[in-house]
Every structure is written in structure tokens, then in C-alpha cells.
Amino acid sequence: MLRPCDMMAVCMARLIRDGETVFHGVSSHLPLVAVLLAKQTHAPQAVHLNIPGGVDPQRPTLEAFTSAGGTLLETAQAQFPLSEVFDLSMRGGLDVAFLSGVQFDNRGGVNASVIGDYRKPKVRLPGGAGSAVLIPTAKRAIIWRTKHDRRTFCETLDFLTARGNVSDIITPLCHFKMYAGELILHSIHPNVTIAEIAENTGFPIRYLAQTTTPPPTEEELAALRDIDPLDYRNLEFR
Amino acid sequence: MLRPCDMMAVCMARLIRDGETVFHGVSSHLPLVAVLLAKQTHAPQAVHLNIPGGVDPQRPTLEAFTSAGGTLLETAQAQFPLSEVFDLSMRGGLDVAFLSGVQFDNRGGVNASVIGDYRKPKVRLPGGAGSAVLIPTAKRAIIWRTKHDRRTFCETLDFLTARGNVSDIITPLCHFKMYAGELILHSIHPNVTIAEIAENTGFPIRYLAQTTTPPPTEEELAALRDIDPLDYRNLEFR
Amino acid sequence: MNKLMDLAAAMAQIPDGAMVGLGGNTLNRAPMAAVMALAYQGKQGLRLVKTAGGMDVDLLCFAGCVSSVDAGFISYETQYSLCQHYRSAVQAGKVQANEHACYTVISALRAASYGIPFMPVRGLVESDLVAANEYFAKVKDPFSGDILNAVRAIQPDVSIVHVHMADARGNAVIEGPQYDDILLSRASKTVILTAERIVGDGYFAASSRKADIPHFMVSAVVHAPRGAAPGACYGVHGVSDDELHSFLALADAEALTQWLTRRHVYA
Amino acid sequence: MNKLMDLAAAMAQIPDGAMVGLGGNTLNRAPMAAVMALAYQGKQGLRLVKTAGGMDVDLLCFAGCVSSVDAGFISYETQYSLCQHYRSAVQAGKVQANEHACYTVISALRAASYGIPFMPVRGLVESDLVAANEYFAKVKDPFSGDILNAVRAIQPDVSIVHVHMADARGNAVIEGPQYDDILLSRASKTVILTAERIVGDGYFAASSRKADIPHFMVSAVVHAPRGAAPGACYGVHGVSDDELHSFLALADAEALTQWLTRRHVYA
């Protein structure tokens, strides 16, 4: 059985190119595992950056309660904490930032702030964390979201936390890509139908070609089990 | 025989009050010794700040070639390097900065930049180091200068590096103090005459009272020898 | 100067309405013992500042101590999920959520640390946050004439930082990730430390590892072993799952008071 | 990626006219071996950046490599006195002295590091430096309307930093005072390291002391023991009085060439 968390982690990892500087923040076990996977497979020279400031942690012990804990620093080569990662992005040196959100429109807009009015919100969300500054400054902002429904992928955002360089959005159903300013369907995960995606997406699905996301290879799955033996990549689905 | 370097070090040390944050920079053996002297005598809680970032070095080994070397850090309690000392001053938290210069007017102006035109100088001086930002922001800027002549204490500066909170100027001859916006003679060092000072000062000498700087006490002289056994406080006079 | 005092005395230094910076990050090394003492003392109108807060912000909102929160992110991260008390308090209009990017909190603290009233920032290019919040503005680069965003300085009245070691004067070391705590210490008017361990006066002078926070910025030092629990403290302990669940299960303010009282008695 | 190369190859990466940041402070841990190699290679038009420079700036001015110097202070400090070659070059109009306060160099490097075109600064309230230099300007605080000073960002093309330890990829540690070198590394487009000691690839991962400069900022690593001599390198050696005097006694450019050649042969 192909689990969404495995498909998502693999899909995210494959977007990381060798040598790129890559950042993930808090509440980010899936990207954390994806970065470690990329470094263990096709992108050994990717530079793993994170909040505690551990550059390229070597086989860190993952922790359930945080993706920003000290184990990412203790096995690292160099220290380069959050403030410096932000600075790096601001001066144009960050290749990839992994971010999330709660609502997305089909023009790369992200809402992680509120449902309803900003000052009198119906739902106060956790907030965009780095999004408002990283999405416009990182070369590519890759979004992952474990919910895929019409409230998440909607025509109009309640609030625009950030718009900018979103390049990809990965969900349990598919991989969207920005193309000419529009979020289009790039590939459909195995065992998912395009009808299912359309049904759960609040804007019209457009695509250049109907392709299927290549399923995880045996090597990728083995690496995932090795990197994340306690299955924290599945935390968001529990 | 009372040496100018001892008189100056003692005079500078006495200006430091207990508990104050005090900074000196490069080319500053005299203030370095003065701060250590103050901490060893009347101001044990003064906070000694310096370029290498050693807060309150304990009996540091002094080095001839620099007043900004690593020995000030290795025996310190905390690290607080130059950039942070500047920040502290900028936000209003630095009590005393020791600075020097080459020309001084009687309104607290300091020139450490050029003799002649800024772009085509007759003499290019080392530069004001921290002066331009510390003199206006530190609560008191204390100036020391081992030359006392009419070119040094002049009517008009060739260039104004900084003006601001100069509180005192210590020379081999005397102690000037700023009073109501004017640099006035505060005390005359032992064995110096007021005529000698007037002769070597390019602006009129004014004072509220003719007083003599109290000479170093035996305790102060003993502390100086203890702190600075290789006599680096005399470097500028060699 | 000996600044050692008990937690209650240190927290009593913080007046209602104070702007309070909180150290750590989400459930990592947040100053939870201090936060519980603030709640126990019934502080009012605190204005909290943090890049990424979690249980600290949630608990203080639950206890009714908070009037505003300036932060980039408020959550327990994934395992313990959302800060429901923070969320409810904002939705009820009791707490004003001043959403920043985490970086604009950092930029605002840097501005305070540098003694300047604002910091220019890249980013925020297309974001409703700029128009929605008075602490963002446009500034013109005096050299190129270009317009960019700026954030207003944030100078907390006090920051509370949980450290691994401190001496009685307030020299302190944080092991492992320091998050934004060193900056917080510089940006704030003063700092209150809670410390796992109190070391002797000569400790840092003799060590090659110098204190990260120098004593002259600190007004109180509290010996508080496990002062970050039920969150984690790097190198000392992880999260206390049972304690976290007992807090998350609290039904109402009365239950919270009992929970705090029980912890206070045992402290 | 192995970035180890010899000093000549590393310096050959620096083109004429480059803006070059220099690590260290006065005679403390300045990258002297690299500086001598730059002089030996006959670089032209270098634009030097440093808070407080000494022999490094003086030697490059003597060798005719420099077109401008942005710094707060240029001197050997008291014992070895003034930088006569720098002074003469400025007075002859060959080198433009862009005088900063040391702090405005720091502020300008911070601006570059933060990707912003300028940094507001306190200080410079009454100073002829503001009017005399185009890199200072007035900026209006968009919140209060107050006017304050600003300094333009400085982004060196490359900074040269002498470190105690580096691995072949460019992770590096500076022991003792770091001066403004960490900031320089962040503000510059790239960094060239000269290192007392080269450590193995796993060194920093296994150590609790993590590298201060991460590998991805570095383009070249040179093994250069005594790379700060005749200046001092904290914990390794002090100043070389004889060598300093032999340099200070050099009469003219020809003597300098011989002095550099001799050192190069022995390097």
C-alpha cells in the first residue's frame, strides 16, 4: 500500500537539486524527511538548513514533538541559525524553502493567517512563520499540504499571507506546479483519479499533460525507513 | 618623578564610576590600563568592554602590539564583541567611551580624520575609529591625548570627525572638562604651570578655579605596576 | 552583585501591561516555569513577543494574562497540534494577534538592539500583512530612491530566557540551539534568566566557553531546574508527554488554576 | 567538494578592481599571507573594506594594488605606529580613503548581509563625514517622521579570512576573538579562507564546536600555517618583531618586491 506521506516525501525530495541550499522550519517533519532523503539519494551536496541552525546534520535522530530541535544541530558541520537563513534568502542565496499554509489559490497565493477578517477572525491560524518573507525571496518555495479539499484549494483567499516564488505544491493527491503564473496539475499520484482531484479542488484543474507521479522506488522507501524509523513523516496523517 | 603616563592613567581611571559600562578600542593602552586600575581600586563593578569582546577580563596579560588582542577575551566572563558594544552605545546603554584624536577645539569637537582637505589631505590621519558614532551616543566620551600643543588644541578644526558628549580631555599637562558647552581647564597636573598650558593651547584657557590634579596615590601606583608590569601605559611616550 | 532570587520574586518584577519577550522556540526551551508563575500571579495585559511560540503563549492566553501577541507562528507543532486557547482568545477579541513573519520579529528586535526606530526588510512583496498592520510601512532607500518595506522596532520591557548555566551575577550560557534568545537579550530593556544550573562566580572566566549573555543585561537570575518543562530543554530532557496532555485536557480557567496551583506547590 | 588549493591559485580568483573584505583587526589575525600573495601577483585597483586595518592595508597600498579603502581606522596601533604607505598613497591621490566609523562599516556589511540597500544608524549627529561621503545619507523614519542617518550597503566581492581550522569543503572555526569576520563572511559574495590547520571532513560533525563559517559560503581553502604573520594569530603566535621591522624599513617599491619575492620563495 502506497501511503500518502511516503509519496509526498519522495515527491518533495525529488524537487531538490544537488548543491541547492534548502530550508525547512517548524511543524515540518515531511520536508525534514524529504531533505534527508534527497541528500541520501540524488542530492548529496544539497545544503540542509533549519531553525536550530545545524548545517547538514548527519543522520540526526528525529524527534516527534519538533522539527526544530537540537538534534539537528548536534550532528551538524556548521552553525547557521534561523536569523541567518532568513538573511541568506533576503540577499538572494536561498534556493528552496519548504512552507505550508491553509488556503491556496491558483495564482500561487498562500493564506496561513486567518479565516474571516484579520482583526476579527472566524479562525485564527498559526500564522505564516517565514512565508511572507521567504516566498518572495527564496528562488523556489515548495508548498506541502496534507489536506486536499475545496476549502484548501480555493478561488479566493480569505487573506493573502504571501505570494511570490511558489514553484510547486504537493498534496496527498497530486503535484501542482506553477506555470506561467498559474497553478497547474503537474502529476497525479498513483491510485488517484483526476476526477477525484477536480472534485476536491475549488478552482478549475488545468494541465499540459496527464501524467502519473512516479511511485517511490524500493531504494527511496528503504531510505525513508532508514532516515525516519519511527515514521514521523506520517504525523500529519495520524 | 611623576611620569605623565602614570598621571594620565590615574586621572582617567578616577573618572570611571562603579558599575559603569566602559569601552576602549585599538591603540588604547592608556585607557586599557586605566579601566583595569579603576576596577582594581574604586570601581570593581565597572564593566570593561573592548574590541575582542571580553567582558571584564581578569588580570589579563597585556600585549605591546595591541590593545585589542585575544588575552582580553580568554580571561573574560562573557563575550560581547565590538559590534555589540557599538549597538549598546547606539541604544543608549554605554556609559563611557575612551577615544582620542589629533585636533580638538574648545567646544568638544574632535578631528581624527585629516589635516587639510578631506579628499586631498595634507596629512591623512588613521581615522576616528568609533568616534563618529560613539561621541554622540555614549553618555560620556573621555578623550586622552599624549600631545599637548597649539596644533592639537586649536581654534578651528581642519575637519570635524565628531562632536557630542565629550566630557573630559586628559593630556600630559592637565585635565580639561566640558562645562556649559565649553572645554575648560579642570585641573593642572602636578609640576605643570598654567602658563605652560596656556602657551601650548591654541584657544584661551578658561577655568572656574585653579586646582591641581591630585597626584597618584601609592596604592594607585602599586596597582599600576601590578596591572601593567611591562609599562605599556608609557608606549605613547617612548 | 548577586541577582539570585526565587521565581515568584523575579516574576513580581514584571508589571501588568509589560511587553515580554519569550525565549526558545515552540516546545524547545521556552521558559515554562516562568510562564506558569506569571499565570499564577495573575498578570494582566502582557504584550508577548516571540518568533515562534507554543505552549508559553497558549497558557498565558488561557490564563487571561495577555493583551497582544507579536509573533510569526503560534502552535505546538504537529504532534500536539494547535494553540486552542490562543486561537479562542484572538477570535473572541480578547487578544490582538499581531502577525509577523518570524523574520520581521527578528528585524524589529535587531532595530531595537541597534537603537534605530525601524529596519528595512526584503520580502513582504505581496502580502496583506503590510496593509493590515501599523508596524509595517514603506521606506525609501535614500541612495537609489527605491521603495522597500520596513518594520518598526520592538523593544521588550523584559525578556525571559531559560538557560543551561548562569552565575549569580547573570552571566549565562545556552547550549545547543540558541534560537533568537541572544538577540532578544540585546533588544530588551532587561533580561530575567531561569537556569538549569547555577555556577560559581569564577566559572566563565576560567572556561574557554564564555557566557553568551553578559551579566550587565540581566536583572534577575532564578535557579529553575526543568524550567522549560513540560517542553524540552536541549541536552537535559525531552517533552513530558503526560504533563502536556494534562494541560491540553484542562476544561476551563478553574481547572487551569488548580493545575497551576498543584505545580506551584510542588515547585 | 574539495576546495583546497594553493595560495597563488586562490588569489588568482580575485580580479583587478575587486572589492575585497579583509578579516582580523589591526595586527591581529589579518590574512597577511594572502595579502602578500595579492601584492606579489601585482593586483590593481582593489577596493579594500575593513573596520580597523593595519599592515594588510599598508602593504597593499605600498605595492600599488589599491584604489580605495573603506575603513574606520588604519594604523599599526601604538607600538608600530602609523601606516605610512597608506597615508602617502592617500595624500598623493592614488588611493581614495573612504572614512567610516568602524560601526558604519559594520552597519554597511549588515545591510549587505540582510539584502537591504542601506542601514539606518544612530551616531554621526555632528560630523563632517556625513557631508563628505556619498555613502552617507539622511533617511526618514516612516513611523515617526524623524530624520536619521543611513549608510549604504557594502557587499565585498570576496572576503579573505584567516582561520584556525578549516575542512577541505570550507567549514571553518576561528578561535578567540572573531572581530567582524563572521559578518564579513555573510556580507560578501564569496569567501576565501587561509587556515592554520586543515581538518578532516568529519571533524565538525563529531565536535560540539560547530564551524562558524559554513562551507557553502566559501570558494577556496588554503592551508597557510602562520598565515597571519608577521602579525599575530590568537593562540598560535604573536607578532614577529624582526619581520615587521624589516618591512617597515623597506625604502621603495623595488625593495618591497625583493622582500615579497624572498618570502614567496620561502613560502
Side-chain angles (χ1 to χ4, degrees), chain B residues 16-23 35-36 39-40 43-61 70-97 130 132-139 164-165, chain C residues 1-3 107-119 153-157 159 161 163 165-174 178 181-191 193 195 199-219 221:
Chain B
I16 298 168
R17 300 168 195 151
D18 204 15
E20 287 187 325
T21 50
V22 184
F23 169 74
V35 176
L36 294 171
K39 284 185 65 76
Q40 193 157 318
Q45 302 299 323
V47 180
H48 177 182
L49 304 172
N50 45 59
I51 287 178
V55 179
D56 289 338
Q58 313 275 306
R59 307 186 64 76
T61 303
T71 59
L72 296 179
L73 178 57
E74 67 190 9
T75 57
Q77 313 234 357
Q79 52 190 339
F80 198 74
L82 178 63
S83 56
E84 301 223 48
V85 177
F86 278 125
D87 291 339
L88 179 71
S89 191
M90 299 306 128
R91 63 182 185 262
L94 184 65
D95 294 310
V96 175
V133 299
L134 292 176
I135 287 181
T137 60
K139 283 174 196 154
N165 303 330
Chain C
M1 202 169 76
N2 188 327
K3 296 168 190 164
S107 297
L109 293 170
R110 282 174 170 167
S113 164
Y114 305 169
I116 54 179
F118 70 96
M119 181 64 73
I154 294 178
Q155 183 183 37
D157 294 309
S159 280
V161 177
V163 302
M165 283 191 284
D167 66 23
R169 302 172 70 217
N171 293 298
V173 152
I174 296 169
Q178 302 187 324
D181 295 10
I182 305 306
L183 173 59
L184 258 185
S185 75
R186 274 58 170 167
S188 302
K189 290 179 193 160
T190 189
V191 178
L193 300 175
V199 296
D201 267 359
Y203 183 87
F204 293 114
S207 168
S208 66
R209 177 76 166 86
K210 301 303 175 189
D212 305 304
I213 299 176
H215 63 85
F216 61 92
M217 306 195 148
V218 172
S219 56
V221 181

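We use all heavy atoms of the structure for the numbers below, so side chains are in, but hydrogens, waters and symmetry mates are not. Residue numbering restarts at 1 for every chain, and letters A, B, ... go by the order of the sequence lines.
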Closest non-hydrogen atom pair between [X] and [Y], with its separation:
{"X": "C:N171", "Y": "B:Q77", "value": "ND2-OE1, 3.0 Å"}
{"X": "B:L73", "Y": "C:K210", "value": "O-CE, 3.1 Å"}
{"X": "B:Q79", "Y": "C:R186", "value": "O-NH2, 3.9 Å"}
{"X": "C:P214", "Y": "B:V55", "value": "CB-CG2, 4.2 Å"}
{"X": "B:Q58", "Y": "C:A205", "value": "CG-CB, 3.8 Å"}

Toward chain B, the part of [X] with a non-hydrogen atom under 4.5 Å:
{"X": "C:M217", "value": "side chain"}
{"X": "C:A112", "value": "backbone"}
{"X": "C:D167", "value": "side chain"}

Heavy-atom side-chain proximity of [X] to [Y] below 4.5 angstrom:
{"X": "B:E74", "Y": "C:S208", "result": "no"}
{"X": "B:L49", "Y": "C:F216", "result": "yes"}
{"X": "C:R169", "Y": "B:Q45", "result": "yes"}

The interface call for B:T21 against chain C, heavy-atom contacts under 4.5 Å, is side chain
CD1 on C:I213 to CZ on B:F80, rounded to 0.5 Å = 11.0 Å
